[in-house]
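Please read all numbers here as calculations on a predicted model, not as lab measurements. Every chain is numbered from 1 and lettered A, B, ... according to where its sequence line falls, protein lines coming before strand lines.
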Amino acid sequence: MPSPDHVTPGEKRKLTRLAKDLKHWAKVNGRDFPWRSSEANTYQQVVVEVLLQRTTAAAVAGFFEAFVAKYPSWGQLASANVEDLEEFLRPLGLWRRRAQSLLGIAKYAAEKEGQFPSDPLEHRQIPAVGQYVSNAIMQFQHGQPAPLLDVNMARVIERFVRPRKLADIRHDKWLQEAAHWLVRQDPREVNWAVLDFAALICRSRSPLCTSCPVSARCSYFKRGGNAQAG
DNA sequence: AAGCCGGGGCC
DNA sequence: GGCCCAGGCTT
């Protein structure tokens with residue numbers, strides 16, 4: 001009996017096949033956002049993660065262009081007036097907390113000329129940078145494979161393979177390992193594919209299992225998880 | 001481990 | 001009306 005903290009070889013094969021299938025699925029069905037554009041710079045790729053926290057990507061999509069126009073760099077964001085920033089963020093929600101987060105990370109980044117540490121342990125002290133944003137930094141600035149492991153990616157992995165043991169995503173070793181394995185090749189493409197798949201098919205409420213490209217191998221589907229069948 | 005932030009979309 | 005959303009911070 002394998003340790004519950006460890007991803008088994010069988011689970012790794014499942015995840016490898018899942019990554020392949022979701023990449024294929026996303027080529028046709030994936031979403032297109034401005035921050036995924038080849039034009040997007042590291043500032044935009046990192047700052048958007050703060051905008052996306054607890055916020056739908058659709059809402060950020062209608063906001064992103066205006067934000068980067070008003071605050072085009074870490075330096076200009078760092079020197080923003082707090083009240084102006086709060087007012088600008090208001091339609092997006094979480095505006096007080098988010099203004100503080102953005103100012104904090106911008107001041108740090110401006111000080112370091114936009115360079116974040118390559119050691120994720122050093123990210124702990126940076127405002128607004130938790131495990132998720134840390135992984136985004138590792139991927140987008142340092143080219144290191146890292147999972148954008150949020151509630152959505154967690155849901156996909158848990159349904160497809162098995163549920164995690166711990167309540168907190170960040171403390172579940174098995175889930176962490178599974179997510180890293182899932183995105184180890186073509187991390188950008190797979191990360192975005194998984195997030196798109198989670199948002200469009202493997203939704204938290206009423207998942208569209210009948211339209212799912214991987215339902216045949218999904219443990220959640222095989223257990224009859226979706227009662228209304230899409 | 002749980003509560004909090006927050007407006008908007010969706011049921 | 002309640003739930004959810006590319007989390008992080010505080011208690």
Side-chain angles (χ1 to χ4, degrees), chain A residues 22 26 30-37 40 42 44-64 66-68 82 85-109 116 120-121 123-141 145-159 164-172 175-176 179-180 182-183 187-208 226-228 230:
Chain A
L22 292 190
R31 299 177 297 180
D32 190 24
F33 293 119
W35 55 89
R36 293 182 180 181
S37 159
T42 305
Q44 295 170 1
Q45 290 174 323
V46 173
V47 83
V48 75
E49 300 298 348
V50 180
L51 300 179
L52 283 162
Q53 288 171 7
R54 300 301 295 170
T55 308
T56 58
V60 177
F63 190 86
F64 180 77
F67 183 88
V68 297
V82 191
L85 183 58
E86 287 181 346
E87 194 58 34
F88 194 76
L89 292 169
R90 193 184 293 261
L92 205 58
L94 298 174
W95 45 277
R96 273 190 290 253
R97 182 180 294 273
R98 209 184 312 253
Q100 290 305 316
S101 295
L102 287 170
L103 283 175
I105 189 175
K107 283 173 180 168
Y108 176 93
F116 293 92
L121 293 178
H123 292 175
R124 280 290 138 198
Q125 61 190 22
I126 308 172
V129 180
Q131 188 192 66
Y132 179 91
V133 176
S134 177
N135 281 347
I137 289 169
M138 291 309 291
Q139 177 181 220
F140 292 119
Q141 182 160 75
L148 298 179
L149 178 54
D150 66 334
V151 292
N152 297 298
M153 182 178 290
R155 183 175 63 251
V156 172
I157 292 173
E158 292 182 79
R159 279 181 178 162
R164 65 175 178 264
K165 301 291 187 196
L166 302 181
D168 194 323
I169 290 172
R170 298 179 302 253
H171 296 133
D172 192 287
L175 184 58
Q176 291 289 329
H180 277 273
L182 180 64
V183 306
R188 264 164 101 100
E189 194 181 349
V190 177
N191 271 312
W192 288 335
V194 173
L195 294 179
D196 290 349
F197 174 73
L200 299 177
I201 301 291
C202 197
R203 311 182 298 192
S204 67
R205 288 178 301 186
S206 58
L208 302 179
N226 180 15
Q228 65 187 39

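- For A:Phe197, the ring pair (Phe, Tyr, Trp, His ring centres under 6.0 Å) criterion is met by A:Trp25, not counting sequence neighbours.
- Look at CZ on A:Arg203: it is 13 Å from C1' on B:dG9, rounded to the nearest Å.
- Under the salt bridge (Lys or Arg N to Asp or Glu O under 4.0 Å) criterion, A:Arg164 pairs with A:Glu158, not counting sequence neighbours.
- B:dG6 and C:dT10 are spaced 14 Å apart, taking the P atom of each and rounding to whole Å.
- Under the rule for a salt bridge (Lys or Arg N to Asp or Glu O under 4.0 Å), the partners of A:Arg90 that lie at least two apart in sequence or sit in another chain are A:Glu87.
- Of the residues near DNA chain B, A:Ala167 and A:Trp95, the one whose nearest nucleotide (by heavy atom distance) lies more toward the 5' end is A:Ala167.
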Nucleotide N/O to protein N/O under 3.5 Å, stretch nucleotides 4-6 of chain C:
{"residue": "C:dC5", "atom": "OP1", "partner": "A:Arg155", "partner atom": "NH1", "Å": "3.3"}
{"residue": "C:dA6", "atom": "OP1", "partner": "A:Ala57", "partner atom": "N", "Å": "3.3"}
{"residue": "C:dA6", "atom": "OP2", "partner": "A:Asn152", "partner atom": "OD1", "Å": "3.4"}
{"residue": "C:dA6", "atom": "OP2", "partner": "A:Asn152", "partner atom": "ND2", "Å": "3.1"}
{"residue": "C:dA6", "atom": "O5'", "partner": "A:Asn152", "partner atom": "ND2", "Å": "3.3"}
{"residue": "C:dA6", "atom": "O4'", "partner": "A:Asp150", "partner atom": "OD2", "Å": "3.1"}
{"residue": "C:dA6", "atom": "N9", "partner": "A:Tyr132", "partner atom": "OH", "Å": "3.2"}
{"residue": "C:dA6", "atom": "N6", "partner": "A:Trp35", "partner atom": "NE1", "Å": "3.1"}
{"residue": "C:dA6", "atom": "N6", "partner": "A:Arg36", "partner atom": "NE", "Å": "3.2"}
{"residue": "C:dA6", "atom": "N6", "partner": "A:Arg36", "partner atom": "NH2", "Å": "3.1"}
{"residue": "C:dA6", "atom": "N1", "partner": "A:Arg31", "partner atom": "NH2", "Å": "3.0"}
{"residue": "C:dA6", "atom": "N1", "partner": "A:Arg36", "partner atom": "NH2", "Å": "3.4"}

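- Whole-Å rounding puts the A:Gln125 CD to C:dG8 C1' distance at 16 Å.
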Measure all distances between protein nitrogen or oxygen atoms and nitrogen or oxygen atoms of nucleotides 9-11 of chain C, and list the pairs falling under 3.5 Å.
{"residue": "C:dC9", "atom": "OP1", "partner": "A:Ala128", "partner atom": "N", "Å": "2.9"}

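- For A:Arg155, the side-chain hydrogen bond (donor to acceptor under 3.5 Å, both in side chains) test picks out A:Asn152, with sequence neighbours left out.
- Comparing B:dA1 with C:dA6, their C1' atoms sit 23 Å apart, to the nearest whole Å.
- Rounded to a whole Å, the CZ atom of A:Arg98 is 14 Å from the P atom of B:dC5.
- Aromatic ring orientation, A:Phe88 versus A:Phe63: tilted (interplanar angle from 30° to 60°).
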